[in-house]
Amino acid sequence: MEKTFQPQQIEEYWYRSWEERGYFSPRGEGTPYCIAIPPPNVTGRLHMGHGFQHAIMDALIRLHRMQGHQTLWQVGTDHAGIATQMVVERQLTAADTNRHELGREAFVDKVWDWKDESGGIITQQLRRMGSSLDWSRERFTMDEQLSNVVEKVFIDLYEEGLIYRGNRLVNWDPQLHTAISDLEVVSEEEDGYLWHFNYPIADSDEHLTIATTRPETMLGDAAVAVHPEDERYAHLVGKFVELPLCNRRIPIISDDYVDPEFGTGCVKITPAHDFNDYEMGKRHNLEVINILTDGASINEEAPEAFRGLDRFEARARIIEAIESLGLLEKIEPHKLKVPRGDRSGVVIEPYLTHQWYVAIQSLADPAIKAVENGDIEFVPKNWENTFFAWMRDIQDWCISRQLWWGHRIPAWYDYKGNVYVGSSESAVRQKHQLSDKIELHQDEDVLDTWFSSALWTFSTLGWPDDLEYFNKFHPTNVLVTGFDIIFFWVARMIMMTLKFTGEIPFKKVYITGLVRDEHGQKMSKSKGNILDPIDLIDGIELDALVKKRTSDMMQPQLKQKIAELTRASYPAGIAAYGTDALRFTFYSLASTGRDIKFDVGRTEGFRNFCNKIWNAARYAMMNSEGDSLSPEWNPAEFSSADRWILSRLEQTIGEVLAALEDYRFDLASQSLYEFIWNEYCDWYLELSKPILWDKDNNPQAARATLSVLLTVLERSLRLLHPFMPFLTEEIWQKLAPLIGIKGDSIMLQPYPERDPTNFDEVAQAEISWLKGIILAIRNIRGEMDISPAKSIRAFLRGSNEQDKTCLRLNRVYLQKLAKLESIEWLNPDQVPPTCATGLHNNVEVLVPLAGLIDISAETARLEKEIGKLETGLKSISGKLGNENFVSKAPDAVVTKERAKQGEMQAALTSLRSKLDELNNVSA
RNA sequence: AGGCGCGUAGCUCAGUUGGUUAGAGCGCUACCUUGACAUGGUAGAGGUCACCAGUUCGAAUCUGGUCGUGCCUACCA
């Protein structure tokens, strides 16, 4: 074995081997267990959020597989309509053309080409994470079968009247020329202005002043509104204003919606370009005047002077024009929330269009109920509130997108605009008995990608035609995803799945935190703080990292700053930590919080942990000298150390299983880390040395210890395998044969189960005594600055027979681990030479001072110890001195405190007398 | 404006139903290349658990409030 763990030498090999041998497919007859992957964008790249969630899913999957379930991790990708189309459009722009020049069919072919070209990347990256996905069942949202489900669902909902076509305001992305849903709009506060315009009152010399943040929309104004109780304007209600620049008269109306405190208390109403105004327009029967084109420039409805101008150019011209008319009252700086498309980043316009909607209410009710009655549980539970809040105020879902990449809406129109919905043009003709002479054309739009994602759990399992897998694995057991898509995806999946299959899609929803950078900032391309999971696995040079973070930027002016920050955060680039270390980092961070600050320091720590395990295995196997041990063992031969480590392993198994039950991967990983490093490596390995090195004199004990050494390691590897698949497999392959365990892979071995017979309180007490004595001696050595190379003498003194026995049984260990020349028992009345003193419970640990230490150092040390004890004692005595505590606290607690007080008092007395002795010596 | 989180060691975080002298990792200090491992070992320093009240024999933990901070939802043109 190599002296250090080299992850890159083994990961690829083992993954390929598992995949080729079909280990990722369900096997056996156990209870089915299934997770459906949240489908990543087929042309996307793996990011930290994926890495994190896949680490978690894989741990769950590997755990259940080892526990004997028929386990399926259903894999697939989605077509990511807008994102993918944008990428290809950008390529066309670079080639100096565009999709319209190309035509729809050729464009869609191009997207398929792009999918074929780049579509393998993310699935390869998933493999690098060690994810044991069943690749033989890989699906894509645009596969024929899945597309058929999409179509069926659309048609069924339409025929039931739950999908309808509506003409209303939507969020319009003028760059992408498509509607997007509320959820795809992000509003951030930005600096803007509030322009105050004077609108002249018709047939009067008066004017009123409106305030607006979007002056260009005045071209579509249909009214001016004031609050009904606003006395300043009461006399104007019912009159008209002359809308400047437009030569139109519009009414002055009153409506509760108006806030008299804001601006001037007069608000211009533009029903075609503002959601609130639209509602008010409906209340007051106002004209809806659309003044924008698809691309958000001014259209034919507007006065000629502004036609064809981009909206922002038009804004500037209108302000100029108003000013030249003397109607510009003032301009105030103003902070406002600007809605932008989450993909394109451009300002979204409320825009009046025909779109397809899902009438959501009747679907929402059962979904709410499923969570209320506990059929579906969120983990952590408080996310249910977020879910409820949104579901109880849910809006109809706009599902049409004016894109070319996606599932085309199965609707046809005749020349009169009648709509026919069906699976194909001929099906529609047949159903509605339309003659071939009537020309039909299909709806140009495609469906929101989330529409197909909402069907994911059942469409990937073969529903509705091939029900074998569906019947076995649906509902899936758990969905692992981020809170950012509870509305986008989780809620919609619940609604659609209940509607069509009558089943919930999953029993649990485990909501993970969001991975942020080491300062708590969201990772984003524009901030330049992205970490690529693959770079953490393989490592990356600083220059390459800087280049990666600064290339292809939307805002090139940030380049230098990002480069500096990157150089400051990663002066040496990123080392190659390997997949197991990265995965373990994710587990350790997976607590209940919703922000996960990713700290590379932790990954480094876990890389070291991997190396620790590697070397422990190296030690264990070196000592076995290639002999294979019989699997039968004789517990009668076990030392207390042997029984102790088995007992601790038993506890660890219990902790890990309990933590996993609660999805507390952080606790599970911590138990494993502590056990393996702080118990097995730090103590058991050291305790095994004197036994193994004394093989010739005591072969039975050596054989027993060796078998425990190997067995505990083997069980630990199995316990650890769901978290660190590669390292554990590599070691297990070498280790298992040594103790007669046969099997092709650790991933098909049974997961350790609880076995209370391994729990051994006596052994734990004895080893805890041993540790305490060793720690006391080491403490003296450390504080007294005694070279670790120097063997020293030590004495133990006390009156307890049990302590005496412990010394007798553990003398060898003490001598080895504390590097002692000798250790002898003194009876309480025996007077040792001048010593440095430590205490473990009631045992005095004495190290003769002669020639080793200066007395003042020991005095200082004792005083420090005494100080600590005094502080502790004061607080305990305070408690016990309190009548109320003694009378009201449970007896067990009081007894415990009393015992503690006694011990501390004794210790204090003993140390004080030591201090006195020293003072006498030095005097 | 509402809702939900969070505030524990220099940093990143645990702390299960209130009962410890408040823990871990990284970092820090000192010493050590001893035959698994310097990606290591041994010892050590470091915290008024944001603040203020309250409940209780007892509060990091429960309640109320304050401050700070983050996110989500709805928004004032």
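Chain naming here is simple, since letters A, B, ... match the order of the sequence lines and numbering starts at 1 in each.
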Spacing of the C1' atoms in B/G58 and B/G54 (rounded, Å): 15 Å

Length of the CG-C1' vector between A/Leu514 and B/C6, whole Å: 15 Å

Length of the line joining A/His227:NE2 and B/A77:C1', which is rounded to integer Å: 14 Å

Backbone of A/Lys268 reached by a side-chain donor or acceptor of A/Asp221 within 3.5 Å: no

Sugar-phosphate, base or nothing in reach of A/Lys864, heavy atoms under 4.0 Å: sugar-phosphate

Straight-line distance of A/Lys337 NZ to A/Lys335 NZ, nearest 0.5 Å: 12.0 Å

C1' spacing across the pair B/C26 / B/G40, given as an integer number of angstrom: 16 Å

Whole-Å gap separating C1' (B/U73) and CD1 (A/Ile486): 13 Å

Spacing between A/Trp383 atom CH2 and B/G3 atom P, to the nearest angstrom: 16 Å

Pairing of A/Glu384 and A/Lys381 as salt bridge, 4.0 angstrom limit: yes

Nearest-angstrom distance, C1' atom, B/U29 to B/U8: 23 Å

Stretch residues 328-339 of chain A: residues that reach within less than 4.0 Å of RNA chain B through a heavy atom: A/His334, A/Lys337

Tabulate protein N/O versus nucleotide N/O from nucleotides 54-61 of chain B, keeping only pairs under 3.5 Å, one per line.
from: B/C57; atom 1: OP1; to: A/Lys888; atom 2: NZ; distance (Å): 2.4
from: B/C57; atom 1: O2'; to: A/Asn882; atom 2: ND2; distance (Å): 2.9

Atom-to-atom span, CG of A/Asp484 to C1' of B/G70 - whole angstrom: 15 Å

Atom-to-atom span, CG of A/Asn385 to C1' of B/G2 - whole angstrom: 14 Å

Separation of B/A14 P from A/Asp599 CG (nearest whole Å): 13 Å

Check: A/Asp255/A/His284 side-chain N/O donor and acceptor closer than 3.5 Å: yes

Nearest-angstrom distance, P atom, B/A60 to B/G70: 28 Å

Assigned partner base of B/A1, Watson-Crick or wobble definition, under 3.5 Å: B/U73

Sugar-phosphate only, base, or nothing, as touched by A/Thr871 at under 4.0 Å among non-hydrogen atoms: nothing

Salt bridge flag under 4.0 Å for residues A/Glu783 and A/Lys864: yes

Identity of whatever pairs with B/A53 - Watson-Crick or G-U, under 3.5 angstrom: B/U63

Smallest separation among heavy atoms of A/Ala225 and A/Met280, with atom names: CB-SD, 3.9 Å

Separation between CG of A/Leu582 and CE of A/Met48, rounded to the nearest 0.5 Å: 6.0 Å

B/U21 OP1/OP2 closer than 4.0 Å to side-chain N/O of A/Lys900: yes

C1' spacing across the pair B/A77 / B/G3, given as an integer number of angstrom: 25 Å

Nearest-angstrom distance, P atom, B/C28 to B/C11: 15 Å

Whole-Å C1' distance, B/C4 and B/A74: 15 Å

Pair A/Phe598 and A/Phe586, ring centroids less than 6.0 Å apart: yes

Spacing between A/Asp595 atom CG and B/G5 atom P, to the nearest angstrom: 13 Å

A/Asn611 side chain to A/Phe5 backbone, donor-acceptor under 3.5 Å: yes

Under 4.0 Å protein heavy-atom contact, by nucleotide of nucleotides 34-43 of chain B - B base, S sugar-phosphate only: -BBBSBSSSS

Aromatic centroids of A/Phe606 and A/Tyr673 separated by under 6.0 Å: yes

A/Gly872 vs A/Cys266, nearer the 5' end of RNA chain B by closest nucleotide: A/Gly872

Sugar-phosphate only, base, or nothing, as touched by A/Met1 at under 4.0 Å among non-hydrogen atoms: nothing

A/Val258 or A/Asn382, whichever maps to the more 5' nucleotide of RNA chain B: A/Asn382

B/C62 versus B/G18 - spacing of their C1' atoms, nearest Å: 7 Å

Donor-acceptor contact below 3.5 Å, side chain A/Arg898 vs main chain A/Leu880: no

Contact under 4.0 Å: A/Lys597 side-chain N or O vs B/U12 OP1/OP2: yes

Base partner of B/C6, which must satisfy Watson-Crick or wobble distances under 3.5 Å: B/G68

Residue matched to B/U34 through Watson-Crick or wobble contacts both under 3.5 angstrom: none

Exam field: side chain A/Asp277 to backbone A/Thr270, donor-acceptor pair closer than 3.5 Å: yes

Sidechain-backbone polar pair: A/Ser875 side chain, A/Thr871 backbone, donor-acceptor under 3.5 Å: no

Sugar-phosphate only, base, or nothing, as touched by A/Asp277 at under 4.0 Å among non-hydrogen atoms: nothing

Sugar-phosphate, base or nothing in reach of A/Ser591, heavy atoms under 4.0 Å: sugar-phosphate

Under-4.0 Å salt bridge between A/Arg311 and A/Glu349: yes

Sugar-phosphate, base or nothing in reach of A/Arg781, heavy atoms under 4.0 Å: nothing

